[in-house]
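Okay, so here's the structure we're looking at.
Predicted model, so just to flag it, every value in this text is computed and none were measured. Both counts, for ligands and for their atoms, begin at 1 and track the order of listing. Residue indices begin at 1 and follow the sequence shown.
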Amino acid sequence: MNIRPRRLRASKAIRDMVAETSLSPTDFIAPLFATEGKNIKEEIDSMPGYYRFSLDLLRKEVKELWKMGCRSALLFVKVSEMLKDNTGKEALNPDGLMQRAIREIKEAVPGICLMTDVALDPYSSYGHDGLVEDEEILNDETVEVLAEMAVSHAQAGADFIAPSDMMDGRIEAMRIALETTGFINTGIMAYSAKYASCFYGPFRDALDSAPGFGDKKTYQMNPANHREGIKEALLDIQEGADIVMVKPAMAYLDVIKSVKEVSSVPVSAYHVSGEYAMIKAAAQKDWLNEEQAMVESLTAIKRAGADLIATYFVKDIIKYLI
Ligand code: PBG
C-alpha cells in the first residue's frame, strides 16, 4: 500500500498539524439575556448553566467575557408582561431595558462588538415577531417599526443590529434608516436563513416569548428548503447586510455550506438554545461527554463554513481553547 491515510493520524502532533479546521475565541458571539431588577442572576430551567442577568450583574458578566477573550455579544431582553402590546412601542423607548442595557455594556466594556436583537417578539402581547392583525403577521407595517427600533439601538450605542424577525425587505429599510440618521458605521447582521424550528423552545422559556397563537411558519423558513436559504441570504446581502446568518446550526450545515459558497460577506451560524439543551441534558444523564459534544458540534459548524458562531457554550469553549 502506498497510500495509507492513517499516517496522517498517527500522533496528536500530526493530527493537529493537518487539521483543516480550528476554533479560536474570536469565532464566538456570546448571547446575553437581560432582565429588570438588581443583583439578579437567574438560571434558565431549560438551559442549565445559562442565566438571565439584571444590568448590574450583566456588566460584570460582560467584563468577564471580555477578559477571557470573547469579543462579541448578542443582546436579548426579557420585557415585563405589563409593557407588552401589539404596537411595539416599548421597543422604541429610549429608556427601555434594551437601550439601558446597551449603554451599560458599552460603558463597562467599550471595546466589545455589541450586537442587539431586533424583532418584536419580546415586546409583543401575541409573542410574534411582528404586528398582528386578524391573526396575520403584518409585513410592511412591522418593517417600519423595526427600522425605528434599529435606529433606537444605534443611538444607545449598538455596534451591530441583528434583525431576527424574517419580515421581507427589512434589511433595506433598516439600512436606509441608519444611513439617514447618521449611523453609517452601525452594521447589520441579518438572520437571513432562519428556519421555523422547534430548537428555539428553551430560548422562548428564557424570554417568555412563545407565540400566543399559531406558529411562526408564515415568516420563518420551512426546514425542508435549501435553495430558499440561499435566496434569502443573497437578498439580504443585496439589501445591505454586513453579515448573514443561518439558524439553527447543526441541522442546517448544508445551508451554511451553500451560503458560504455564494456569500461575499462573513457568514455566521446560531447554535441555538435547543442544541445547547440537548447536549446539556444528555450529559447530565452521563449519556454524552459534554466537552467532547461541544467541541465536535462547534467544529462541525465551523467546518461547514461559519466564520462566526453564536453559542451558549461561549465560556466553556473559550476556556477549552486557551
Ligand atoms: C426571536 C428570536 C428567537 C431566537 C433568537 N431570536 C426565537 C424565535 O424566533 O422564536 C432563538 C435563539 C435560540 O433558540 O437560541 N426573534
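Using a 4.0 Å cutoff on heavy atoms, Asp121 counts as a contact of ligand 1.
Of the protein's non-hydrogen atoms, Lys194 NZ, 3.3 Å is the one closest to atom 2 (C) of ligand 1. If you check which protein heavy atom lies closest to atom 11 (C) of ligand 1, you get Lys247 NZ, 2.9 Å. Here the heavy atom of the protein found nearest to atom 16 (N) of ligand 1 is Ser164 OG, 2.7 Å. Lys216 NZ, 3.3 Å is the protein heavy atom nearest to atom 8 (C) of ligand 1.
Within the listing of ligand 1, atoms 16 (N) sit less than 4.0 angstrom from a heavy atom of Ala119. Under a 4.0 Å criterion applied to the non-hydrogen atoms of Tyr270, ligand 1 contributes the atoms 12 (C), 15 (O). Within ligand 1, counting atoms from 1 as listed, the ones closer than 4.0 Å to a heavy atom of Gln220 are 8 (C), 9 (O). Those atoms of ligand 1 with a heavy atom of Phe76 less than 4.0 angstrom away are 5 (C), 6 (N). Each of the following atoms of ligand 1 lies closer than 4.0 Å to a heavy atom of Asp129: 1 (C), 16 (N).
Aromatic ring centres of Phe313 and Tyr276 lie closer together than 6.0 Å.
The aromatic rings of Tyr252 and Tyr195 sit parallel, their planes meeting at an angle under 30°, below the 60° perpendicular limit. Taking the six-membered ring where the residue is Trp, Tyr270 and Tyr312 present tilted rings, their angle falling between 30° and 60°. Classified by interplanar angle (parallel below 30°, tilted 30° to 60°, perpendicular above 60°), the ring pair His128/Phe213 is tilted.
In terms of polar-atom proximity, Arg204 is counted as a contact of ligand 1, with an N or O under 3.5 Å from an N or O of the ligand.
Looking only at atom types and distance, the side chain of Ser152 has a donor-acceptor partner in the side chain of Gln99 under 3.5 Å away.
The residue from Tyr200, Tyr312, Phe203, Tyr276 that puts a heavy atom closest to atom 15 (O) of ligand 1 is Tyr312. For atom 14 (O) of ligand 1, the choice among Ser273, Pro163, Ser124, Gly127 with the nearest heavy atom turns out to be Ser273.
For the pair Tyr219 and Asp165, the tightest heavy-atom approach, listed with the atom from each and the gap, is CD1-O, 3.2 Å.
A cation-pi contact, defined as under 6.0 Å to the ring centre and within 45° of the axis, is absent between Lys280 and Tyr50. Figure legend: cation-pi geometry between Lys41 and Tyr51, with NZ or CZ positioned under 6.0 Å from the six-membered ring centre and within 45° of its axis.
In this structure, Asp95 pairs ionically with Arg103, as a charged nitrogen and a carboxylate oxygen lie closer than 4.0 Å.
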